[in-house]
Novice: 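Below you will find the structure I want to go over with you.
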Amino acid sequence: MALVIGNSQYREIPALKNPDKDAEDVSKTFRLAGFEVFAAKDLTRLQFEEKFRNYLAAADGADLAVIYYSGHGFQIGGENFLIPVDASLKDAADMEVQAIKVDDILRQLRSRSKVQMIILDACRNDPFPRKDYWLRDQLIVAGGSGLAQVTGSQNTLIAFATEPGAVAYDGSGDLSPFSSSFSRRAMAPNQEIRSVMAAVRRDVVKATNGKQVPWENSSLIDDVVLMRGAEEPAPSPDTQQNEQVAERGIQVADAAEAIGGRDIRVPVGVGPVPLKLELPAKDASISLKLANYPAAGTLSLPDRVLSPESSLTAADIDKLRYEPQIGSAAPVEVGIEIRAGSAAKRSTMQLSPSVDPCDQAAGEPLDLQGVVSGRLPNEIGGGAVEACEAAVKSYPDIARFRYELGRALLASGRIDEARNVIQDAADEGHVRAVYELGYIAASGMSAAPDLTKANSLYAQASDKGDPYGMTALGRALFDGVGVQRDTGKGLDLLLQAAAMGHVDATKDLALIFKEGRNGVPADPARALAFLRAGIDRQEAYSMAILGLWPKRSENTVPVCKPKVVTKVVTKIKVVRTPAPKAPPPVTKIPAKRIQNGTGPASWRGNGGDHPEPRGGGSDSGSTDGDSTGSTDSGSTDTGSTGSTDSGGTDTGSTGGSDGIR
């Protein structure tokens, strides 16, 4: 699996010349090597989060996960950051909320794959005017050029376009010296990656007259070969056959008709799906070649992954499989050239990705093993249980469907059934299910609350890279709830979860920096940066505290215009009513899930899936993750419904997306 990114068109600083072309060239290289490639150019911060989550879901269990990045990147305090095209980095807190930390990327890859590679053609000078930024609990002054040395874990290779602290060059051509050499050297068959990188180093040193020396840190214990030996060519037609040319032409035409013009729906996230193609005759004289490889996703046979221009035999065609790329909904075209003797014809078919009804009804936001943007619990409506029961029956080996069935059962109030199904999903390796078991233990849904058990489960999910688990454990550690307090580790986990797009983490960080707690100094500017990050993701609390509200759609009603238009003047008297008296205090009630809608929300990056049980999180006010996010023209009680309006806000309580306390 490979994620290839080229960032050239920066908005606040001059554009770079080569990264977009570098990314295109490297993407072709990985495709020819048989990788599924997630390719992207000019990503904003939010676009990177989405692309990276989809890539992680696809890379779950991969033998080799590769990330190749070309664009701006630099170090602050020994930490390396990749810079999205919309970064401004004007304020001290902007690095945390606008840039991408390489260590966070590597941590996620380690939890997903057997071998990890990060290749960075990003060691360029820092072009931004500001030179000091917040990192965790310190304000760090930037120093030095290029990127800092990174220490990987076992079976990891981290390659840089130049040595630590040095600058890489774009070169005089369309490609950087580093990416140009990498694409060429990686295509050599049966070359181990460390030999490839040594050859790249020689090329770049020569091309730059010694000014740029590529460098890598390797802890690989397995050999990694990107390009295997060339495929055996398809058997050529027997030249001794007495078959007439006309008959061969008929065979080719029949084969093209059997394959071409078809539109095959292929489910997403269930592995390679057989296309069930059949040729009228499997004559050995017929050969096939991939003339148009799908723009996204992977074609394969049971024994190998196919690459562009792969050759096939007539016997292979009914074994052909396709796996759609997660996050890509557009249909793709596959072109196959069919040949028999001198007769040849090209046939094209369409493959259309489809999302299972269970994923549509009960998929969860920020699930790194999910395939959709997801729904919050109160958005899971009728029919979800039936849809997910059908999915579990059809795909008994896909743990995701079992977990989503558990979510649907929880939403319908069938707690004991849900817990058992979610336990099964956790046992089968679904990480979010582990977090969910922690939530059930902490909330006391079916037994007395057990924060020790909950935090243990949160830790397991966090270690696997789950942003929900990071947030829940980070809160507990930061405030010492159910576990010995470790403010530094708690803050770091919240920052990691925020970097994955979890808005509850951004909200908690905003409150921590607003108030100053547990030794972390108050910093209103830093708090504002995290509130803005929440606003970018349409998080209700962040919008409410800043007096904003979601945009309403304007409905246009067509009317018939009369022939004679009469001007009508209506006098309007404005009557201002006094503000209502404060309501009497109410007794807080235990957390309950709310189910009151079936329609999808407008944005699905929201990490707030659950009510946080009392005592299970930070004492920053109550939060509302199952809120409806309703909008009105009155005042806002952010501690109860998480609604947003144009009036005042009750900032003493937190009406976010995390749930009712």
Side-chain angles (χ1 to χ4, degrees), residues 2-32 35 37-52 54-55 66-75 80-89 95 98-102 104-106 117-128 145-148 150 158-164 166-187 197 200-201 203-204 207-208 211-216 295-296:
L3 171 61
V4 180
I5 298 171
N7 280 352
S8 292
Q9 300 302 316
Y10 285 87
R11 300 176 184 178
E12 301 289 333
I13 55 176
L16 293 173
K17 184 179 70 170
N18 291 332
D20 55 348
K21 303 181 187 69
D22 291 339
E24 183 176 351
D25 191 57
V26 172
S27 293
K28 291 178 180 177
T29 298
F30 280 116
R31 284 196 178 97
L32 288 170
F35 281 67
V37 179
F38 286 70
K41 298 179 183 179
D42 299 328
L43 292 181
T44 65
R45 172 58 196 250
L46 294 184
Q47 289 170 340
F48 177 88
E49 288 177 10
E50 180 180 10
K51 197 76 173 181
F52 187 48
N54 290 334
Y55 169 72
V66 180
I67 290 183
Y68 191 106
Y69 173 85
S70 183
H72 270 300
F74 48 86
Q75 62 165 304
N80 293 319
F81 291 87
L82 310 182
I83 311 302
V85 296
D86 61 339
S88 61
L89 302 184
M95 187 65 71
Q98 295 182 8
I100 310 297
K101 189 185 296 185
V102 172
D104 287 344
I105 293 174
L106 184 56
M117 285 174 48
I118 298 181
I119 305 174
L120 301 173
D121 192 359
C123 317
R124 293 169 171 85
N125 276 323
D126 177 0
F128 294 94
S145 301
L147 297 179
V150 178
I158 306 165
F160 297 86
T162 191
E163 60 192 316
V167 176
Y169 297 91
D170 277 331
S172 57
D174 288 338
L175 302 175
S176 73
F178 180 78
S179 68
S180 175
S181 175
F182 177 82
S183 293
R184 184 174 68 257
R185 294 293 186 178
M187 292 302 295
M197 298 312 300
V200 170
R201 183 160 37 251
D203 290 345
V204 174
T208 62
K211 295 179 181 178
Q212 180 176 333
V213 183
W215 170 89
E216 64 270 356

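Throughout, residue positions are numbered sequentially from 1 according to the sequence presented.
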Novice: Decide yes or no on side-chain contact (heavy atoms from CB on, under 4.5 Å) for Ile100 and Tyr69, but give the supporting numbers first.
Specialist: CA-CA 11 Å; Ile100 310 297; Tyr69 173 85; over 6 Å; no
Novice: What are the two closest heavy atoms between Asp20 and Lys17, and how far apart are they?
Specialist: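 Looks like OD1-O, 3.8 Å.
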Novice: Where does the angle between the aromatic ring planes of Phe38 and Tyr55 fall among parallel (under 30°), tilted (30 to 60°) and perpendicular (over 60°)?
Specialist: perpendicular
Novice: Taking side chain as C-beta onward, heavy atoms only, is Val37 less than 4.5 Å from Val26?
Specialist: no
Novice: For Ala15 versus Gln9, what's the shortest heavy-atom pair and its separation?
Specialist: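 For Ala15 versus Gln9, the nearest heavy atoms are CB-OE1, 3.9 Å.
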Novice: What pair of heavy atoms forms the shortest contact from His72 to Tyr10, and how long is it?
Specialist: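 Residues His72 and Tyr10, closest heavy atoms: N-OH, 2.9 Å.
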Novice: Less than 4.5 Å apart, side chain to side chain, heavy atoms only: is that true for Phe182 and Asp121?
Specialist: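 Side chain of Phe182 against side chain of Asp121, heavy atoms only: no contact under 4.5 Å found.
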Novice: Is Asn18 close to Ser8 at the side-chain level, that is, under 4.5 Å between some pair of heavy atoms?
Specialist: no
Novice: Quick check: closest heavy atoms across Val102 and Phe81, and the distance to 0.1 Å?
Specialist: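 The answer is CG2-N, 4.4 Å.
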Novice: Would the distance check show the side chain of Ser181 and the main-chain N or O of Pro177 forming a donor-acceptor pair, the cut-off being under 3.5 Å?
Specialist: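 Checked: no pair found.
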Novice: With rounding to the nearest 0.5 angstrom, report the CZ to OG distance, Arg11 to Ser88.
Specialist: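 One gets 11.0 Å once the value is rounded to the nearest 0.5 Å.
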Novice: Does the pair Gln47 and Val85 meet the rule for a side-chain contact (heavy atoms from CB on, under 4.5 Å), with working shown?
Specialist: CA-CA 10 Å; Gln47 289 170 340; Val85 296; 5.6 Å; no
Novice: Short question: side chain of Arg201, backbone of Pro214 - any donor-acceptor pair under 3.5 Å?
Specialist: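 Pair found, side chain donor or acceptor close to backbone of Pro214.
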Novice: Please report the interatomic distance CD(Glu216) to CD1(Ile158), rounded to the nearest 0.5 Å.
Specialist: 11.0 Å
Novice: With heavy-atom distances below 4.5 Å as the criterion, would you say the side chains of Phe178 and Asp22 are in contact?
Specialist: no
Novice: If you round to the nearest 0.5 Å, how far is CG of Asp104 from CZ of Phe52?
Specialist: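 Separation between the atoms: 8.5 Å.
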Novice: Counting distance only, does the side-chain N/O of Arg45 pair as donor-acceptor with the main-chain N or O of Ala99 below 3.5 Å?
Specialist: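 Yes, Arg45 side chain to Ala99 backbone: donor-acceptor pair under 3.5 Å.
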Novice: Please answer whether the main-chain N or O of Ala161 pairs with a side-chain N or O of Gln212 as donor and acceptor at a distance below 3.5 Å.
Specialist: yes
Novice: Do Ile5 and Lys51 make a side-chain contact, defined as non-hydrogen atoms from C-beta onward lying under 4.5 Å apart?
Specialist: no
Novice: Quick one: are Ser183 and Met187 in side-chain contact, heavy atoms under 4.5 Å?
Specialist: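 The answer is no, as the side chains (C-beta and beyond) never meet within the 4.5 Å cut-off.
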Novice: Using 0.5 Å steps for rounding, measure from the CG atom of Asp86 to the CG atom of Asp42.
Specialist: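 So the CG of Asp86 and the CG of Asp42 are separated by 11.0 Å.
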Novice: Taking the six-membered ring for Trp, are Tyr68 and Phe30 parallel (under 30°), tilted (30 to 60°) or perpendicular (over 60°)?
Specialist: perpendicular
Novice: List the atom of Leu82, the atom of Pro84, and the distance in Å for their closest heavy-atom pair.
Specialist: O-CD, 3.4 Å
Novice: Can you measure from CZ (Arg185) to OG1 (Thr29) and round to the nearest 0.5 angstrom?
Specialist: 13.5 Å
Novice: Could you state the interatomic distance from CG (Leu43) to CG (Asn7), rounded to the nearest 0.5 Å?
Specialist: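 It is 5.5 Å, given to the nearest 0.5 Å.
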Novice: Ignoring hydrogens and angles, tell me if any N or O in the side chain of Gln98 forms a donor-acceptor pair with the backbone of Leu89 under 3.5 Å.
Specialist: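 Present.
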